[in-house]
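This report concerns only the one structure given below.
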Amino acid sequence: MTTELLIEQVSKAFPGVQALNNVNLTLTGGTVHALLGENGAGKSTLIKIITGVYRADSGALKANGQEHFFESPIEATRAGIAVVHQERNLIPDFSVEENITLHNPPLKYGIVDRSERTRLAKQALSTIGFDIDPKERVKNLSVAQMQLVEIAKALVTKAQIILLDEPTASITNTETVKLFEIIKLLSSQGTAILFVSHKLEEVYQICDTVTVLRDGESVLESKPLADYKQDEIVDLMVGRHLADRKIRIRDIDRTGQPAMELKDVRTALGHETISMSLYPGEVLGMYGLVGAGRSELARSILGLYAITQGEILLSGKEVKIKNMGDALHRHRIGYVTENRKEEGLFLDFSVGQNISSTILARILDKLGVINRDKEAEIATKFVDRLGIKIVDNHQLAETLSGGNQQKVSVAKWLAAETNILIIDEPTVGVDVRTKAAFHELIMELADEGLSIILISSDLPEVIAISDRIMVMNDYAVVGELENTKDYPSISRSIMALIHSA
Amino acid sequence: MNLKSFLRHRMTEASLTLIFILGFLALVATSQGVLLSEESLQSFFTYLAIPILIGMAQMVVLAVGQMNLAVGAMGGVSSAVMAVLMADHKFPIWAGLLVGFLSALAMGAINGALVVVTQLNGFIITLGTMTILLGFQYRLVRTFTIDQYPTSLSDFGTKSIGPVPYILLISLAVSVLLSLYFTRTGSGRRVLATGGNPLAARLSGISNARSVFIAHTLSGALVGAASIITIASLSGINRSIGGDWMLSSFAAPIIGGVLMAGGTIAVYGTVIAAGVIRLVDIARAQYSLDPSIVSFTVGVVVLSTVALSEWRRRGSERQHVGRKVSA
Amino acid sequence: AGTPDFSKVKVALVPGGAHPYFQPWIVGGKQAVTDFGIGATTFNETGEWDQTKQNAALDSLAAQGYTAFGIFGVSPTDINTTFENLKSKGFAVGSLASCPAGTVNKADFCLSTDTGQAAYLAAKAVIKQMRGKGNLVHLTGNAVDANTVRRIAGVKKAIAETKGKVKLLTTITDIDKDLQTAQKAVSDLLAAKGKKINGIVTTAYNPAVASTEGVGRTKLPIKVIAIDDDKKILNAIAKGIISGTVVQNPWGQGYVGSYVLAALNSKACTMKKSGLYVDSGSFLVTKANLKTYDAQRLAKSKSILKDFKTKYLTCA
Amino acid sequence: MKLTRKITSILSDQRVVLSIITLALFLFFGLKNKAFFSADFVLFPLLRDAATITVVGLAQLCALSIGHLNLAVGRMAAVSAMATGYSYQYLGFSLPLGVLVGLITGALLGALTGWIVVKSQVNAFIVTLAMDFALLGFVTFIYVTFTPAAAFTTKPAGMDFWRNTSLAQYCIAGVCGPKIFPMMIFPMIVALLLVGFMYGKTRLGRELLLTGSNLRAAKLSGIPVDRRVITAHIFSGTLAGLAGVMLGFTNGSFSAAIGSEFMLPSFLGPVLGGTLLTGGSVAVFGTMMGTLLTLVIRQGLSVQGIGLETLNIALGLVLLLALSLGQIQKMFTSIRSRGRT
Ligand SMILES: Nc1ncnc2c1ncn2[C@@H]1O[C@H](COP(=O)(O)OP(=O)(O)OP(=O)(O)O)[C@@H](O)[C@H]1O
Ligand SMILES: Nc1ncnc2c1ncn2[C@@H]1O[C@H](COP(=O)(O)OP(=O)(O)OP(=O)(O)O)[C@@H](O)[C@H]1O
Ligand SMILES: [Mg+2]
Ligand SMILES: [Mg+2]
């Protein structure tokens, strides 16, 4: 008997939103099933209902002969369901190996069998080709590394049903390729896999069947993916036809004074003689494999880590940036972090308050009182502009879907109206439509004179919007390219730079 | 794990050990060796046993990110139960101690159950139960000091191997077991996982409710153990017992490196921190220090030592961050 | 003249908090009800050694209809404010077992042990036991309590009288909060200095219990004079572990205090001199008078009562 | 149903629930024993105590707002009261000037604490615990050295007025204020308004809360988190100082005992009111309600003539029960909305 997971007429409401509305989905063993939809369509909610994190308002679930919803994640695990949630859910103080085996730690006489644990973890890590010390504490890992640990954790349970909620959002191609190999292998062995992603190229690469959610309704239910073209799928997700994007090559005037310039900068973290210049109105892409040190460079520039040597010039003047406040208020530089949950958002604050957190100085009345109207006005402006799906400005950030949280984290810095903006992985988990709009927005802002450093592990994204691309590897700059926006040739040059380093 | 990374993880414990050794040596030197006499050492160790245990009792609750404000009241009630049963109801020693111990365990379990059922903050629950228990303690012993229980119990309290009293050995043994529980057993790891990240723990099939319940119950059991030691080492039980446990129960683990946020334990750190605190008592007796000066000095010393170790830890972490993790 | 009618008077005896010292108040108060026909006496120890809580307890007693108050003030420096407040409402107020700090007493009277005097007496006793020379240690309670200040002064006075033959090795304060702290402090003290100490005088409850234990356990030749007559301490005297104790007269305070309060509150009598201080007596108890001291104390109470009736009160 | 939705949403506000519970208990105690409604002996002193404890609660709330604890609230109050008392006794300061001295002392202590926390990066729990020790030593030393009876007893003109006067003595056109309101509620009201205004409306308050909600995010949003931490502790110290002075006024002298019973109540008010121990969310008005609730329970039981043997038991039980009721109701209103998180 092949594994089956049946979802029938499932509904779920949150205050102010019908997150799911009579959704159906059939997941069969041996297939990879894509679950698609825009941000806030209800994908993660569905996965959480399947795994017993939320309780459905109505509907039915059948899995492996069981005919009821799981009461808790434990039950789902026992029933042979493994899941990688959209957000990283690891125990920071535990080692990698322990996190991987957390569901079911190997015991011997009631005592944790450490060598067996290491063995299991190593095995799981090696299947996805992730080379890391299993004894390292998770809190020392980067977001991408944590994501890989999550995947290893799901794989180690040898589950019959695997649900993957945007597993590739924050990892690079190399790891994605490895992941796909293992997905294919498992699928061929009869495992049922549900795959959520906003990267349609990937979806077409690996999935067999597809379900599309739009505003909580399943507008396409468990159909063969091959029957639909990418455009059709997008139309289904968005509910209308999405215009084709045109490649736009922008002309940047690099004769004048750079907006920001680094001269032979070394950092306490180990960056070596980094030199770069960013011109007014330019989008400078920064690409590198995970751990190349891009985010760290950005943070060092902003004064979070020490610069040990070299100088930073803003519009030709040498500056010492002490901290983020200094960067924002004195030098008008902004920074969108790659880690929205820990560093970008105030989860227990409203969307409006999150957006206004960088511009409090600008929305004051006399007496230092915050002008609520102005605050709401600015919030609304960016909610509209980035298509953030919310009930109202007062909704807490914690209740937003992953992609919408990401948008808030970016909106906060767009609102700040800086001269220079460093954006780190801005579109992690953002859906196709918004991503396109977003790219457009970035270029528009650049047209208006904003200088942007774009750090992204999404190569197509880097190529789509950068004017120039700086390639980093192992805490050093290994090369720089003028971006012709011709994907095949540019990507080849970039990979060549990385591998020759 | 090499020495460097060991020290990085254990910076607090390492510096506390150093402080302890230096402080101890300083006291030995300035007391012309009196501190090394068997009697002095015995006094030193005897009154170390209880701070260690109540530190542990707080630590296990801190491990799930909660607090137990009722440690003192629980200890007061359970030792009063023991005393009353043995003195007034002529229970044999073992039975008196057992019932008292179980009562502490039950109090812990009730705390845990209340936290789980009402979903109220553990801070508030234990504040409430603390008040209630203080009432019970008064009911049990009123304003008297009860000591009419068999002397063999207090004999046991003063027995020692060399200068090391049995009761300290019991404390240390309990600490070792606790350490094994948290580092080696599935249950202990799950409790820590709950403290480290409750949501992640839940998604990994761990019942946070059970972890919280276990932590509070364990805390009760440790308080019960502390009560046994209390009644064995004290000359009597009255309503003042447990009065100074609450703050010191926090001080040892937190100075020892346990995070208030949960998810960490530091058994050795707690023990050694209790030792450092004990050195202060000795210094007070040794130099006939005015308590106001002692308080003042303790305050200042704690501030500076912890600041120092923290500063060094951060220094070493700063160098480490950003380098490759790969094996 | 006949006995005046006290049946309308409800007397509240309010200690600072729960402490064994005050327990005889209950008995003394009850006895006063029987002997003098007072409406009622109650005992309320919910103050928990916090002046704010004690004030609240007093207020709630007033609300319940109590009209005469015998009070041990938690804070001797603040209690006059409380007294004034109660008196302004027309209640009779007596300061029992402790007088307000300073020279002014806003209560109608103060019936108390002179705490300094008791400490002096105890120190004299222990010095005598030490044969007039050697090193003495004083164990006591909260350093910033006015009564402790008086006790420390009392002990120092006794030592000064030896003209340097007795040395005060150390005064250990703040160890009365709980028994564990007291016992730890005593144990550490004996370990560090035991051989140098010839005598210990304790002027607080938990240190008294603790030093009894400590000296008994270490069998050091140290003379101890304790305070109060807790069973544990009397036992230790009987067994010869400690030399003696200084007892006070809480029963008398409760008994006589209730009478005077009733007399004042019923308007049958007035104080000749408001705020008068009357010593309720302190007695040294050793093995010799272990059996008889209570009778002696009782007699003292009766004589205080007589003094009040004949000397301090003017009755209609 | 719109109406039920509205009711549930009102009921899910902790402050409303607290007010209802407090009021219910108030009526219950009063109906059981009329004496509880006595203005002179119960309500007036109760409100006077509530005023002080609420201010202490606000002091703790300021530390909680950034996710810190201030274990030294009581001792900061003691030092501030000591400074005030000293200024009356030895410097002959007038009443307001002495109060100012107390407030400044509190502020300085808070600033020092905050500064140490920031510079050492040590957990505020440890810093304030150590601070408490250090200040305890300091206070004892000063009182023992400078006073004969361990207290400053000089009363400046006007002190008794603040202690004893009620609004009943203020009449406008023949209508006098209620007798139950003591003058002491004015400093509390001022503190409530200022703190409430700051957290509710101003940039400073918002920045404090953001810092408490997510320190890293706040730092990366350009908020000067170090300075905010110090600011929060300054507020905490100042308010603690105010409470210490208020208690000195109520008691009638300035002694070392001031503040020694502040620590637990300082948490009780804000936490019952709905302030998060983890930071980022404060309940200013709730702090007053939480304080009132505990005092009403205590005094209510006390007026029923309950002795010490049952007082604490009853106090704890009523408290737990009242809070669980609030919680059960809250679970009820949110069970469907939040899923089971
Ligand atoms: N705990 C919650 N409380 C209130 N609303 C919620 C909660 N969780 C999700 N929602 C809402 O439910 C809707 C669906 O969210 P969900 O996370 O399922 O979207 P998603 O399809 O996974 O989107 P994304 O691609 O951005 O991850 C969103 O409108 C979201 O705001
Ligand atoms: N060896 C390491 N030990 C501890 N932490 C590390 C180590 N390597 C990386 N990190 C952490 O991971 C993050 C940096 O890795 P990250 O992969 O984000 O670098 P990056 O060049 O910005 O790459 P990307 O942004 O593409 O992921 C930092 O937060 C850093 O603290
Ligand atoms: Mg999602
Ligand atoms: Mg990065």
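Heavy-atom basis, side chains included; hydrogens, waters and symmetry copies ignored. So you know, we letter chains A, B, ... as the sequences are listed, proteins then strands, and number each from 1.
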Practice item. Measure the spacing between NZ of C:K53 and CG of D:D49 and express it to the nearest 0.5 Å. Key: 10.0 Å
Point to revise | For chain C, the option from D:T250, D:L311, D:T140 that forms the most heavy-atom pairs under 4.5 Å | key: D:T140
Practice item. Check the surroundings of atom CZ in D:F41: do more than 12 heavy atoms from other residues, nucleotides or ligands lie under 6.0 Å from it? Key: yes
Review point. Near C:K8 NZ, under 6.0 Å, is it more than 12 heavy atoms from other residues, nucleotides or ligands?
Key: no
Review point. Take atom CZ in D:F133; do more than 12 heavy atoms of anything else shown fall under 6.0 Å from it?
Key: no
Review point. C:S60 side chain to D:Q299 main-chain N or O, any donor-acceptor pair under 3.5 Å?
Key: no
Exercise for review: Output the option from D:A257, D:S260, D:S253 having the highest count of non-hydrogen pairs under 4.5 Å with chain C.
Suggested key: D:S253
Revision key, fill the gap. CG (C:D59) and OG (D:S38) are apart, to the nearest 0.5 Å, by 8.0 Å
Check your understanding: So which of D:A151, D:A256, D:S302 has the biggest tally of heavy-atom pairs under 4.5 Å with chain C?
Key -> D:S302
Exercise for review: Measure the shortest side-chain to side-chain distance between D:E261 and C:T52 over non-hydrogen atoms and say whether it is less than 4.5 angstrom.
Suggested key: no
Study note, to complete from the structure: Here the pair of heavy atoms bringing D:G307 nearest to C:T46 is C-CG2, 4.1 Å
Study note, to complete from the structure: For residues 139-159 of chain C against chain D, heavy atoms under 4.5 Å, the residues are C:A143, C:V144, C:D145, C:A146, C:V149
Point to revise | Structural part of D:I306 lying under 4.5 Å from a heavy atom of chain C | key: backbone
Review point. Would a 4.5 Å heavy-atom cut-off, applied to side chains only, mark D:I258 and C:Q51 as touching?
Key: no
Review point. Do C:D78 and D:S255 come close enough that some side-chain heavy atom pair is under 4.5 Å?
Key: yes
Point to revise | Interchain contact, D:K34 with chain C, by part (heavy-atom threshold 4.5 Å) | key: neither
**Study point:** Top contributor to chain C contacts, counting heavy-atom pairs under 4.5 Å, from D:P148, D:G248, D:G252
**Key:** D:G252
Practice item. Report the distance from atom CG of C:N80 to atom OG1 of D:T153, rounding to the nearest 0.5 Å. Key: 10.0 Å
Point to revise | Inter-chain contacts: residues 104-119 of chain C against chain D, heavy atoms under 4.5 Å | key: none
Point to revise | Nearest-0.5 Å distance that lies between atom CZ in D:F249 and atom OG1 in C:T81 | key: 12.5 Å
Point to revise | Segment of D:N251 engaging chain C (4.5 angstrom heavy-atom cut-off) | key: both
Check your understanding: About how many Å separate CZ of D:F152 and OG1 of C:T77, when rounded to the nearest 0.5 Å?
Key -> 11.5 Å
Check your understanding: Would you say D:F138 has more than 12 foreign heavy atoms packed within less than 6.0 Å of its CZ?
Key -> no
Point to revise | Pairs of heavy atoms under 4.5 Å with chain D: top-ranked of C:G47, C:A56, C:A101 | key: C:A56
**Study point:** Euclidean distance, D:R163 CZ relative to C:E84 CD, rounded to 0.5 Å
**Key:** 8.5 Å
